[in-house]
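Sequence lines set the chain letters: A, B, ... in the order given, protein chains first and strands last, and positions in each chain run from 1. In this text the structure is predicted, and so the values were computed from the model without any measurement.
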2 protein chains.
Amino acid sequence: MATIMDVAKLSGLSKTTVSRVINNHAYVSEEKRTLVLKAMEELDYYPNPAARRLRGQLTTTIGVVVPKIINPFFAYLVDAIEQAAYKNGYQVMIFQSNEDRTKELSFLNLLKTKQVDGIIMTAIENDWKAVEPFTKYGPIVLCNEYINEPTVPIVRLDQFKGTYLGIKHLIEKGHRKIAYCTGGLFAEEGKDKDRNRGYQKAMGEAGITVNPNWIFVDRHTIEDGKHVLKNVLEMDDRPTAVFTGSDEIAAGMIAEANEQGIDIPGDIAIIGFDDQPLAELISPKLTTVRQPVDQMGEKAAEVIINRLHDENAEICHYELPIEVIVRQST
Amino acid sequence: MATIMDVAKLSGLSKTTVSRVINNHAYVSEEKRTLVLKAMEELDYYPNPAARRLRGQLTTTIGVVVPKIINPFFAYLVDAIEQAAYKNGYQVMIFQSNEDRTKELSFLNLLKTKQVDGIIMTAIENDWKAVEPFTKYGPIVLCNEYINEPTVPIVRLDQFKGTYLGIKHLIEKGHRKIAYCTGGLFAEEGKDKDRNRGYQKAMGEAGITVNPNWIFVDRHTIEDGKHVLKNVLEMDDRPTAVFTGSDEIAAGMIAEANEQGIDIPGDIAIIGFDDQPLAELISPKLTTVRQPVDQMGEKAAEVIINRLHDENAEICHYELPIEVIVRQST
DNA sequence: CTCGCGTGTGGTATCGATTCCATAAAGGGT
DNA sequence: ACCCTTTATGGAATCGATACCACACGCGAG
């Protein structure tokens, strides 16, 4: 491993001058600059990031914290962030918190020691109170996750509208007995609350009262979807449509319905959330609320890089549009 | 950010002693040790990794390079590695190469500067000749990818057997006109070659000659699957079964078949590879060759951590078993 | 002719850890 | 009583970069 000293020796100059060339400082003659560049080339030299970090330098690395990488939603989100960051010369490190608060905090600690220059959080397990202190070490951007906190940049989707449109679509299809099956709790803050509001509003506008038996919370997986459908089928008074919080849950329900010979959407209509590739593969094809993950990831990368370049960049909240993709399950 | 100096001051001892405590060195009195530990606790101190790295220390971080994180196969693999590493006190950094040789090399460079202590590669874009020089900076373990090189630890699946069993299953179902649709090229080294050998062997044993028109290479995506099925359907002499190299391709084919009203497996049987959750969600449910990703990831983590603890640990190649999961598509 | 400023270059302290070396007290063997 | 080893601790150099400060040169203004 060539060091800055090797470059200095080979070019017959001092470390200082070499460092100036590396960091594009003023006051270096064109002559020496080319000399240094040649030496760097020859030695296949590039600066040791550990040393730079120790000096508190930026290193064009941004961290992305995801809860679970096996969740395709996050995989696509990370991919979008990665692509956008790479275009701007930034490297991305992906960290999986596994929904573990301690792990999440340990990732945030990377900011303190400049392991990463900034962090994009695609979910937030700890209270914002616990996360906030880290913002003084580098920019933190929330992406997809939503909290009521104007001091942090947030890129998110209009979950309220997404849910509202989804429910409205079901109502337009003639459904009035609409179940609601989501991750998160019904009373929670942020993203889930917005979704709940969307559900309530759409139902309210149609003059439908919500049946609490048809509310399922904290459901996330394919298995959850299967169970919920079983439950629903056993009800005396059963809903004719189910709004779900993710394509996984919806796919689980459809798989179970196919298993039991239930007709979708004839016997029961199902709408998903995300628009994953999966949605087009199952039969019937899944009607779903499309989340523009790519745009969201791209925007998040853009926002954090802006803040990296300009510490005082304005703190904005971005809300991206969301739409219903109608296929065959409703 | 508390530094080692702060801890030294607070405990009334020298940096040296503090460092000794941190690194569990001998010759520290129990009395001072507790003093130091208390100070560390009080200051919420933990060593700056950048400084440690600069001194060439290990930092319990392993890097995992994947080609595409949106590929569920790799997402699950990474997840398995992450879990296993975390249990052993190791942190995992995920890097996406996007099948870009330059990017892959830039990740390997992290080894040089001790950004990561070791690297697990789940794919290899460059020639081994280009990768090999990096092994002197830290352990590199190949996971899933297979090359003919005894100097590097490899954890992989028995692709040969997997394919052989898959084809054999089709033959047992009475098929003799079997198409083969895979990623990779037909003549390539490593993983793909093994699969090809498996196909050839199973066909050979049944006395079937391979029809070159039924060989599709370099197919990876859902879209590819749709196209291949279209092609197949237009053939005068069409195969009655298709062996595919991934569940995505297979799912794409089945989606297209459903679209066109083709009966699976009646008109054409399809077998996948991987056994992703997807396989159980589509209808008909996908018969597929199950790759034990979890085991593979776990093993890879174990192998690299072993080598991290003991530089001279034996270099082994592990081959994990693989089996056919029969569902409805064959 | 000198002062001051814009340019160009190098010496050296610094970041936060580890580690070699020096020092010193305690204990054991002869 | 003396030497040697074991145990315990601190001082200072070191890793590879950056950045402050000092210095030197050339040139136009006063």
query: Starting at the 5' end of DNA chain C, which residue's closest nucleotide do you reach first, B:A51 or B:H25?
result: B:A51
- prompt: Tell me: NZ of B:K15 to C1' of C:dT18, nearest whole Å?
  reply: 9 Å
query: What is the distance from CZ of B:R53 to P of D:dA17, rounded to the nearest Å?
result: 15 Å
query: When the distance from OH of A:Y46 to P of D:dG16 is rounded to whole Å, what number comes out?
result: 12 Å
message: Looking at A:E302 and A:K299, is there a salt bridge between them, counting it only when a charged N and a carboxylate O are closer than 4.0 Å?
response: yes
field: pair B:N23-B:S19: side-chain heavy atoms closer than 4.5 Å
entry: yes
query: Can you tell if the side chain of B:M121 reaches within under 4.5 Å of the side chain of B:V64, non-hydrogen atoms only?
result: no
- request: Is it possible for you to check whether B:K103 lies under 6.0 Å from the centre of the six-membered ring of A:Y86, through NZ or CZ, and within 45° of that ring's axis?
  value: yes
Non-hydrogen side-chain atoms of B:R20 and B:Y27 separated by less than 4.5 Å: no
query: Taking only side-chain nitrogens and oxygens of A:Q57, does any of them come within less than 4.0 Å of OP1 or OP2 of C:dC15?
result: no
statement: Ranking C:dA17, C:dT18, D:dG11 by distance to the side chain of B:N48, first place goes to C:dA17
query: Does any pair with a residue in residues 118-147 of chain A pass side-chain hydrogen bond (donor to acceptor under 3.5 Å, both in side chains), and if so which ones, sequence neighbours excluded?
result: A:E104-A:N126
task: Name the nucleic acid region contacted by B:T16, choosing base, sugar-phosphate or nothing; use a 4.0 angstrom heavy-atom cut-off, strictly under.
output: base
- prompt: Checking all strands, does B:T3 fall into the base, sugar-phosphate, or nothing category for heavy-atom contacts under 4.0 angstrom?
  reply: sugar-phosphate
- request: Would you give the length of the straight line joining atom CD of A:E298 to atom CD1 of A:I81, rounded to the nearest 0.5 angstrom?
  value: 11.0 Å
task: Any chance you could list the contact pattern along nucleotides 22-28 of chain C? Use B for base contacts, S for sugar-phosphate-only contacts and - for none, protein heavy atoms under 4.0 Å, 5' to 3'.
output: -------
- request: Give a yes or no on whether a salt bridge exists between A:R156 and A:E319, defined as a side-chain N under 4.0 angstrom from a carboxylate O.
  value: yes
message: Has A:N48 got a side-chain atom pairing as donor or acceptor with A:A50's backbone, closer than 3.5 angstrom?
response: yes
message: Wobble G-U and Watson-Crick pairs count when both distances are under 3.5 Å; given that, what is the 5' to 3' dot-bracket string of DNA chain D, with | for pairing to other strands?
response: ||||||||||||||||||||||||||||||
